[in-house]
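What follows is one structure encoded as structure tokens, with my remarks underneath.
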Amino acid sequence: MFIDKEYPATHSMSTGWFIADKDGNVAIFDFNENGPIPCDIPQSSANGVLEEDFVLPDEKGIRNFNFDDNQADIIIEKLKTPSEFDEYGEYIVLIDVAQTEEFLKSALKNKYLHACYSKSKGLYLIEPYEAKTIANELIQRKIILKSKIFFFDIINDVYDEKTGSYNYVHDDLFEIFPFYLYQQPYWTAHLTERTFVPKCKFKITQFNPDDQKRVLRLPIGFDECSKLQIAEFLPSYSCGDDYVSIGNHGFDLLPLTNGNFKYINTSYLPVALFTKCYTKKTTVLFIGNCYDDNSLLREDPVLCMKSGAIFPYEERSYFEKNERIRSFSGKRDEIFISKIKILKKDWWKYFSGFVEYWDQVFDIINPHVVIIEDSIFENVLNELEISNKKISILGIEYPYCLLSELDNQKKEIECLANKPYRGKQLLFILDKEDIDKWLKMQ
């Protein structure tokens with residue numbers, strides 16, 4: 001039985017994404033409906049990230065995976081001489097490399113090219129669909145030499161009553177690709193499990209630079225880690241059956257990678273009550289309109305997810321500037337704070353926050369750069385000391401830019417975002433004993 005809760009659950013369907021380990025090996029993680037799922041990765045699938053959902057197109061509109069020759073040869077071994085393409089379906093195709101220009105001219109013009117797995121070997125992914133006749137002509141002209149239909153199932157919740165464990169199923173087709181596979185069960189009490197190790201491992205450096213930025217990273221090695229808890233390493237959403245709310249922040253009881261159960265934050269990380277962190281090591285603070293605070297996520301999802309925290313600003317003109325900054329009346333009640341203080345040293349500073357308490361946000365996160373939504377800049381200007389493109393607070397100056405200036409200052413912002421985290425450690429994982437104490441005090 002699941003508990004309805006205020007904070008966002010995971011995707012309404014399973015999803016997939018690329019994640020790299022500490023050695024640069026890349027895996028596809030197939031997340032199930034209940035998660036945990038890393039915050040705000042796009043809705044996709046294991047099939048989708050190998051199609052058009054991950055790799056960005058180049059200036060010609062081609063999505064290049066850059067498989068090396070050994071990785072490509074494993075796929076080519078499974079291809080067969082084609083007769084003709086059906087109306088529906090995607091196909092991995094091998095083309096005559098000498099006729100690459102002719103193939104790309106047809107595939108791009110008629111919009112049936114999805115991806116290029118290997119330019120040097122002539123390995124591509126296509127979906128002829130409405131261009132079936134044109135694509136079949138390429139078979140007759142010996143431009144397309146071999147093919148195989150592209151589709152595989154991944155099933156994560158086949159329960160074995162005899163052993164009390166879950167069996168993870170995936171089609172053999174997946175195993176021609178050079179990626180590790182991790183599958184996550186439907187029930188959150190079980191860890192995500194490694195179910196495939198490739199012969200020729202794909203490295204993150206094979207992706208183009210812009211695609212490398214979109215890969216999530218883990219501080220563990222896939223070869224040594226057959227099971228893991230993704231929420232232990234990356235801020236994640238989950239919909240478990242043992243959930244506790246403390247100060248508007250949700251914690252799910254989940255197994256850690258070592259098998260021990262602890263409560264892990266599965267809403268946004270708690271900073272000053274309503275501030276949302278997409279990472280444990282925030283270097284960028286975005287001050288956005290509280291009615292639409294995801295504009296940075298839409299404008300630059302990589303920057304937001306890898307480095308960002310969102311401060312949802314709401315104007316309250318009936319407070320004086322000093323009163324607003326120092327002693328806003330949204331303060332948590334003293335009974336709540338006293339309970340938190342009893343539990344564990346320093347807990348209270350995360351849960352006694354204020355809705356717009358600037359000092360606390362900057363003190364905990366200590367960002368390297370601030371981005372401000374244009375529509376609220378005048379309001380922010382009235383509340384903070386701003387001059388010479390810097391915000392001054394708590395005796396520290398923070399460079400800032402407007403959201404509309406982000407594209408023009410992209411290199412500078414990314415340079416600041418890539419600096420080491422200098423804020424305080426965020427409250428992320430709690431012992432079960434501490435949660436039990438909290439529940440007894442309610």
Side-chain angles (χ1 to χ4, degrees), residues 39-40 213 235 268-330 353-424 426:
C39 292
D40 292 298
K213 296 176 185 177
Y268 290 99
L269 294 181
V271 176
L273 192 57
F274 290 128
T275 301
K276 301 184 294 187
C277 286
Y278 290 89
T279 169
K280 289 191 286 183
K281 297 183 177 180
T282 296
T283 54
V284 176
L285 176 64
F286 175 63
I287 302 175
N289 191 312
C290 71
Y291 302 108
D292 180 20
D293 57 17
N294 284 324
S295 48
L296 178 61
L297 183 65
R298 292 193 300 271
E299 183 73 23
D300 193 326
V302 174
L303 181 67
C304 187
M305 289 170 60
K306 287 294 186 68
S307 310
I310 306 296
F311 182 96
Y313 174 86
E314 181 177 7
E315 182 181 6
R316 295 181 183 272
S317 58
Y318 48 85
F319 287 106
E320 295 294 329
K321 175 180 176 180
N322 290 337
E323 183 183 8
R324 177 189 172 93
I325 294 176
R326 303 293 171 188
S327 57
F328 178 62
S329 63
F354 301 83
V355 180
E356 292 90 12
Y357 193 28
W358 298 110
D359 286 16
Q360 190 182 32
V361 176
F362 278 85
D363 182 46
I364 293 175
I365 296 176
N366 198 10
H368 287 288
V369 63
V370 179
I371 301 172
I372 305 174
E373 176 92 52
D374 295 57
S375 64
I376 61 170
F377 177 66
E378 291 298 324
N379 302 94
V380 175
L381 191 64
N382 291 330
E383 298 187 15
L384 296 176
E385 295 179 21
I386 297 180
S387 63
N388 300 321
K389 296 296 288 183
K390 290 185 178 179
I391 294 173
S392 179
I393 191 167
L394 297 175
I396 301 175
E397 290 188 330
Y398 300 90
Y400 78 88
C401 79
L402 299 180
L403 185 61
S404 61
E405 300 170 336
L406 185 58
D407 283 343
N408 294 332
Q409 299 185 37
K410 194 67 172 291
K411 289 185 178 180
E412 179 185 350
I413 299 299
E414 287 185 346
C415 183
L416 292 168
N418 289 329
K419 286 189 172 185
Y421 178 65
R422 62 182 184 182
K424 295 180 179 178
L426 302 179

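In what follows, every heavy atom counts, from backbone to side chain, and hydrogens, waters and symmetry copies are set aside. Along the sequence shown, residues are numbered consecutively beginning with 1.
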query: Of all residues at least two apart in sequence or in a different chain, which pass the side-chain hydrogen bond (donor to acceptor under 3.5 Å, both in side chains) check with Ser375?
result: none
- line: On a heavy-atom basis, the closest approach of Phe286 and Glu373 is CZ-OE1, 3.6 Å
- prompt: Ala417 and Leu303: which non-hydrogen atoms are nearest, and at how many Å?
  reply: CB-CD1, 3.7 Å
Side-chain donor or acceptor of His368 paired with backbone N/O of Asn418 under 3.5 Å: no
Exercise answer: donor-acceptor pairs, residues 386-401 side-chain atoms, under 3.5 Å, sequence neighbours excluded:
{"unit_1": "Lys389", "atom_1": "NZ", "unit_2": "Glu405", "atom_2": "OE1", "d": "3.2"}
{"unit_1": "Tyr398", "atom_1": "OH", "unit_2": "Asn366", "atom_2": "OD1", "d": "3.0"}

Without placing hydrogens or testing angles, list every side-chain donor-acceptor pair under 3.5 Å for residues 408-416, not counting sequence neighbours.
{"unit_1": "Lys410", "atom_1": "NZ", "unit_2": "Asp300", "atom_2": "OD2", "d": "3.0"}
{"unit_1": "Glu414", "atom_1": "OE1", "unit_2": "Lys213", "atom_2": "NZ", "d": "3.3"}
{"unit_1": "Glu414", "atom_1": "OE2", "unit_2": "Lys213", "atom_2": "NZ", "d": "3.4"}

task: Among Ile371, Val370, Ile365, find the residue that satisfies the side-chain contact (heavy atoms from CB on, under 4.5 Å) test when tested with Val284.
output: Ile371
- prompt: Roughly how far apart are Ile287 CD1 and Asn379 CG, rounded to 0.5 Å?
  reply: 11.0 Å
